[in-house]
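A quick write-up on the structure given underneath.
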Amino acid sequence: MALSTSRPTGSVGEIFRAIRSAGTMSRAEIAEQTGLAPSTVSLRVDVLVGLGLLRETGVNASRGGRRSRRLELDGSAGYVASVDVGAKHIAAGLTDAAGRTLRQEERMGSFDGGPEELVAWLWAFIEEMIAASGLDPDRLMGVGVGITAPVEHPSGRVVHPAFMPSLSDAVIPKLFHRYTAVPVLAENDANLLALAELATTPYESDQLLAVKLGTRIGCGVVSDGRLHRGIRGAAGEVGHSSAEGIAMISCSCGIETCLESVASGGALVAQLSELGYDVESSADVVAQGQTGDPVVVDILRTAGGQIGETLSRIVNFFNPRAVVLGGGMAASEHLVAAIRAQLFQRCLPVVANDLEVRPSRSPEDAPLRGASFLILDEVLSPARIDALARGDEEAQAADPSADRTESH
Ligand SMILES: [Zn+2]
């Protein structure tokens with residue numbers, strides 16, 4: 001879990017966060033870490049068990065041969081829903097409070113309606129999944145939404161999308177609140193890829209670029225273990241850097257030939273279609289490349305070179321530990337090889353020497369997992385758990401999208 005590692009001061013919510021971060025803890029370990037008296041720890045743990053958030057699990061031999069019961073998060077405390085609105089598909093998932101995936105579904109097709117219509121559709125999708133899973137709708141704790149566009153944080157306002165322009169200025173959480181009172185957070189999909197990656201990294205203060213190579217091109221920036229969103233949520237919009245080549249798809253970003261319009265999955269679909277190939281999606285382009293067709297391989301290598309060239313400038317500037325590639329196009333070995341070659345050829349030795357360039361772990365569901373981490377971190381934050389323990393209903397129902405403080 002990509003949680004803060006600062007030492008908890010010992011409120012009920014902070015004890016909960018410590019256990020959530022560690023996986024399991026004994027009461028003695030909590031007392032040791034917080035400096036609280038064992039009796040105080042017991043009282044606070046009892047509150048969390050009483051709220052259904054923690055449960056006892058097994059025993060472990062402790063020093064002196066005594067055996068202590070361990071505590072872990074009770075996954076049945078509730079669940080969150082996550083949705084990922086891509087250019088060619090919409091995926092949704094349900095994840096329990098302990099972060100375990102309960103269900104995932106994907107529906108193909110692109111959405112061309114307005115924001116109200118989109119959110120109505122997404123909410124119906126979530127309700128259908130909850131019903132099909134046999135879960136109690138009242139135990140839904142929050143919703144995380146991924147969008148292929150810059151999203152202002154924490155308001156969830158879609159800002160100047162180069163793609164799906166009908167969503168411009170839509171405040172996604174507000175639209176969801178017509179249907180549900182639970183907290184809702186919206187986030188750029190490449191940022192969610194970065195969050196999913198961060199959750200699996202062993203480095204606490206990691207520096208990462210998570211590049212989403214799908215129908216469009218986006219990038220999540222992780223600096224010092226935290227997502228760097230920029231002032232308006234537009235950090236990492238590398239897809240709209242000026243690039244060499246011929247624009248194959250139109251883009252409303254305002255740059256004449258942006259990287260996305262010459263080298264994205266969408267651009268390659270357009271280019272191959274023009275040459276008579278039967279391709280509709282990034283996956284079709286990847287599959288054509290795998291047949292070894294020299295024309296397709298050449299097109300993939302050229303696109304990879306263009307992407308790598310743009311990334312090399314950012315990598316030189318940012319000096320990340322890793323460039324992680326996700327999205328459908330990251331499955332093309334020809335494209336990825338060309339990106340790698342450009343990066344190692346063009347980056348400064350001091351930057352390239354320790355640079356790791358690799359596909360993301362479990363790229364298929366990374367945005368959904370990222371969205372579930374984002375919303376779980378919000379609904380299980382120390383402040384919300386403390387409010388729950390106090391019985392403070394107003395604080396529990398607080399809208400995170402109105403909260404001006406960073407929650408991650
Ligand atoms: Zn563009």
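Numbers here are sequence positions counted from 1. Just so you know, ligand 1 is whichever comes first in the structure, and atom 1 is the first atom listed for that ligand.
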Handout entry: Sequence-distant partners of Asp96, side chain to side chain donor-acceptor pair (under 3.5 Å), two or more places apart
Key = Arg100
Handout entry: Distance-only donor-acceptor check, side chains Tyr277 and Asp293, under 3.5 Å
Key = yes
Problem - Within less than 2.8 Å of the Zn ion (ligand 1): protein N, O or S atom count - result: 4
Fill in the blank from the handout: The complete set of salt bridge (charged side-chain N to carboxylate O under 4.0 Å, His left out) pairs with one or both residues in residues 114-132, sequence neighbours excluded, reads Arg107-Glu128
Exercise for the section: Give a yes or no on whether the backbone of Cys258 and the side-chain of Ser261 come within a donor-acceptor separation of less than 3.5 Å. Expected result: yes
Problem - For Ser76, side chain to side chain donor-acceptor pair (under 3.5 Å) partners two or more places apart - result: Asp74
Practice task
Determine yes or no for a side-chain-to-main-chain donor-acceptor pair under 3.5 angstrom, with Glu187 supplying the side chain and Gly146 the backbone.
Solution key: no
